[in-house]
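Before any comments, here is the structure.
Note that these values count all heavy atoms, side chains included, but never hydrogens, waters or copies made by symmetry. Owing to the predicted nature of the structure, the values given are computational and were not obtained by experimental measurement. Throughout, residue positions are numbered sequentially from 1 according to the sequence presented.
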Amino acid sequence: MKLYEHLLNNKKEGKATLAANFYNFETLSAVLTAAKKLNSPIILQLSESSIRYMGLKVAKGLADKAIEQYGVTAWLHMDHGSDVDLVKECIDCGFDSVMIDASEKPIGDNVRITSDIVDYARSYDINVEAELGYIAKLGQGQKMVYTQPDEAKNFVEQTGINALAIAVGSAHGFYKETPQLQLDLIEQINAATPAALVLHGSSGIPHDQLQRAISRGITKINLATEIKNIFMKTLQKVLQETDEIDLRVVFPKATEKATELVSEKLRVINLEKIIKTALSVIIFFTSGSLFAQNPENLLLKDFKPVSIYNTPKTEVKKAAYPVIDMHSHDYASSPDEVENWVKTMKEKGIEKTILLTGATGVKFDSLVSVYSKYGNKFDLWCGFDYSGYKEPGWTKKAIKELERCKNAGAKGIGELGDKGLGLKNSFPIPAWGMHFDDKRMQPLLKRCGELGMPINVHIAEPYWMYLDMDGTNDGLMNAYNWEIDKSKEGILLHQELIQTLENSVSNNPQTTFIACHVANCSHDLEILGKLLDTYKNLYADIAARYAEFSPTPRRTEAFFTKYQDRIIYGTDMGMDADMYETTFRILESGDEHFYENDLFGYHWPLYGLSLSNEVLSKIYYGNATKILEAK
C-alpha cells in the first residue's frame, strides 16, 4: 500500500502512524525492532543532514535491506527537505515519501515550491508532505504562528499535497515547559482539508495530548530528538563505565534503550486499538458491562459477527483438482519466504503461480533471477514501460522493451490497471491520463497478440466504491477504504472504464485478454456475461473478489457454469495456506452463512458455490492451460 493511501486510511479511521528518524544502522535497527515487536507499521525518516552524512544511495539501500530483513510494514520518508534538488534526488532514488519544507518562506513561495515538487513526484505516485505555519526549531525563539483552517484548505487545494504538517503548539527539540497542543484547532483543520495531518516535534509531548491529537485528526506523528538523546546519553554512560573498544559490544546497549523508547511511543499511539481489544474481551466475559455493546454505541468497524447457524463447516485442505493460480504477485521478501511459498503450493495442489509483476527493465530481470530457479512453479508476466508516454515515438520504445522482456522470460503482461485516471500499475512510472483504449496503446496490444502474450488488466473497482458512503451502502466497510473520488477532473467511472476494456478487446481479436477480478462486475455479472458472449478472446479471473460474489451463490454458480470455459482461478491475497483453503471452500463446498473477517473487509456472510467437478477442473486448471499453451 502506498503511504498516502495508508495515511488516508488513518484519517478515516482516527488512527496515526509513528514516523521515526534514524541516523545510522543502530538507530535504524532500534526503530524496526520496536515495530516488529509490536507488529506495527512504521515510517522511517531521513533528514537532509542524515542523508548527506550517510550518502543518499547508502542510506536508501540500508533502509530497504533492513525493512526486508525485519519483515515489517514500513515506508521511507525524507524529512524537512528544504533543498529542492535533494528532494528531487530522493524522489528519483525511490523514496516512498518526501517533505518539501518551504514554510519559512513567504506563502506565495511556499505554494510555488511545493507545487513544483508535487508535479515532479506525480509520475512516481508517492506521498508528498509540506508544512504550513511556523513550527519552532531547536534554538529558535520566534513566536509560534498557528496554521489556520482556511489557510490549510487553500494551501492543499493550490499545491495538491497528500499530507500537511501543521503548527498547533508543538516544536522541534526539547521543550522548556510542558507544551499545550491546540486540540480544537487540529479538529477544525482536519475538517477543512482532505490532506493527512502531521504532528512534528512530538518529543516531550505528554502521552495524553498525543492520544487526544490523534482523536482530533493527526495521522502521522514525528519522533526524532528523543531517539538521538536516549541513544547518545546511553552510549556516553556505557563508555564512561568501560574500557571496551569493540563498538559491537557497546552500541547494542544504546540501541536497546532506543528500542524501548520507540516501543513506548508505539504503545501510546496504538493505545486506542489496545483499549478496544481489551474492552471487547472484558465485555464478552462480564455480563454487567453490556452497555458498550449497545448498538447505539457500537462502531460499525467493531462489529464482528459470528455465525450461530448449525450448518456444515467444510475444511478443504487441498484443491479437488490441480490448480494454476493465474493472479498473484511478488509477495515473498526473502529466499526463505519463496521456499515456504513453494512448499505451501505443493501442499495445497497449486502446480503453478503466475506472478503479475508489472515490471520492466532491471526490476523485471531481477525478479526473473529470483524465481527462475524454481523451474515451472512460477511464470513471470511483465508490464509496459510508460516512460515518455507523452512523447513522440514512445510506442516504438515500449514495444522494444516488451520484446526484450519476452526474451528475458516474460510469458504475459500484467497486471495493468486503470481505476479512472489512467494506467498506473506498471514500473517504473504510471501513465496518468492514458486509458486502455488510447490509440498509443493499440500497437502494443496488437504486438502482444503476435508474441502470444496474454494481457491481464484491472479495470475499475467494485461498484460499492462508487456509491455514496452512507448507511445505504451494503459494502460500506470495505468501500470506505477504497472510495473512488468521483470529483477528480477527467476521471472515468465504472461504465466508461468497462467501455475502454471492450474497445481494446474488440480492436485486437488476436490478443488474449484477462479481465481480472471478474472485471469488477460482481454486482452485475450480466455486464461481464455480455462481453464474454461477444468476444472469444476475453477471459475473466476471480482473484480477490470471493467476498463480492459468494454472498449470491446461486446466481454466481449459474454464471460460472454458463461461462465455465472462460473463468480462471486466481488469488491476489498473499501466499498463506489459510487463504488458499478459504478460496477452495467457497468454490467447492455448499457451506452457508460463514464469515472470514480476517481475509475480507465486508460485513456480510459468505456462501459456498458447490461447483460441479467439470466446472472446477476448468476453472482451476483447464482454462489456464488453454491460455498459457496458446500459440
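In this structure, Lys352 does not pair ionically with Glu629, as no charged nitrogen and carboxylate oxygen lie closer than 4.0 Å. Under the 4.0 Å criterion applied to side-chain N and carboxylate O atoms, Glu581 and Lys348 are assigned as salt-bridge partners. Of the charged side-chain nitrogens involved, at least one lies within less than 4.0 Å of a carboxylate oxygen, so that Lys618 and Glu614 count as a salt-bridged pair. A salt bridge is defined here as a Lys NZ or Arg NE, NH1 or NH2 lying under 4.0 Å from an Asp or Glu carboxylate O, and Glu347 with Lys317 fails to meet this definition. For the pair Glu401 and Arg404, the salt-bridge criterion is met [side-chain N within less than 4.0 Å of a carboxylate O]. A salt bridge does not link Lys397 with Asp385: every distance from a Lys NZ or Arg NE/NH1/NH2 to an Asp or Glu carboxylate oxygen is 4.0 Å or more.
With sequence neighbours left out, the ring-ring contact (aromatic ring centres under 6.0 Å, His included) criterion links His603 to Phe303. Residues satisfying the side chain to side chain donor-acceptor pair (under 3.5 Å) test with Thr344, not counting sequence neighbours, are none. Remark: Tyr580 pairs with Trp341 by the side chain to side chain donor-acceptor pair (under 3.5 Å) rule, at least two apart or across chains. Every residue two or more places apart in sequence or in another chain that forms a salt bridge (charged side-chain N to carboxylate O under 4.0 Å, His left out) with Arg122 is listed here: Asp119. Applying the ring-ring contact (aromatic ring centres under 6.0 Å, His included) criterion to His435, with sequence neighbours excluded, gives no partner residue. Partners of Tyr321 under the side chain to side chain donor-acceptor pair (under 3.5 Å) rule, at least two apart in sequence or in another chain, do not exist in this structure.
In this structure, Lys363 forms a cation-pi arrangement with Phe427, its terminal cationic atom sitting closer than 6.0 Å to the ring centre and no more than 45° off the ring axis. Figure legend: cation-pi geometry between Lys377 and Tyr371 absent, as NZ or CZ is not positioned both under 6.0 Å from the six-membered ring centre and within 45° of its axis.
The only option from Ile527, Leu493, Asn520, Asn503 that meets the side chain to side chain contact (heavy atoms under 4.5 Å, CB included) definition with Ile498 turns out to be Ile527. For the side chain to side chain contact (heavy atoms under 4.5 Å, CB included) test with Ser328, the passing option among Ile350, Thr353, Asp572 is Thr353; the others fail.
Distance check: Ser307 OG to His593 NE2 gives 4.5 Å after rounding to the nearest 0.5 Å. The line from CD of Glu557 to CG of Leu587 is 11.5 Å long, rounded to the nearest 0.5 Å.
You'll find the side chain of Phe384 reaches within 4.5 Å of the side chain of Met441, heavy atoms only. For the pair Ile324/Thr625, a side-chain contact is recorded, criterion being any heavy-atom separation below 4.5 Å from C-beta on.
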Quick one, Lys12 with Lys15, criterion side-chain contact (heavy atoms from CB on, under 4.5 Å). Give me CA distance, side-chain angles, the key distance, then yes/no. CA-CA 8 Å; Lys12 290 178 178 179; Lys15 299 177 182 178; over 6 Å; no

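Aromatic ring pairs are classed by plane angle as parallel below 30°, tilted from 30° to 60° and perpendicular above 60°; the pair His523 and Tyr463 is parallel. Classified by interplanar angle (parallel below 30°, tilted 30° to 60°, perpendicular above 60°), the ring pair Tyr386/Tyr389 is perpendicular.
The distance between the ring centers of Tyr563 and Phe560 does not fall below 6.0 angstrom. Ring centers of Tyr309 and Phe594: at least 6.0 Å apart, outside the cut-off.
Asp591 and Thr314 share a donor-acceptor pair across their side chains, judged by distance under 3.5 Å alone. In this model, a donor atom of one side chain and an acceptor atom of the other lie less than 3.5 Å apart for Asp470 and Thr472. Checking Glu502 against Tyr535 by side-chain atom types alone, a donor-acceptor pair falls below 3.5 Å. Counted by atom type alone, Tyr602 and Asn597 present zero donor-acceptor pairs between their side chains at under 3.5 Å. Side-chain contact annotation: Thr219 with Asn10, donor-acceptor N/O pair under 3.5 Å absent.
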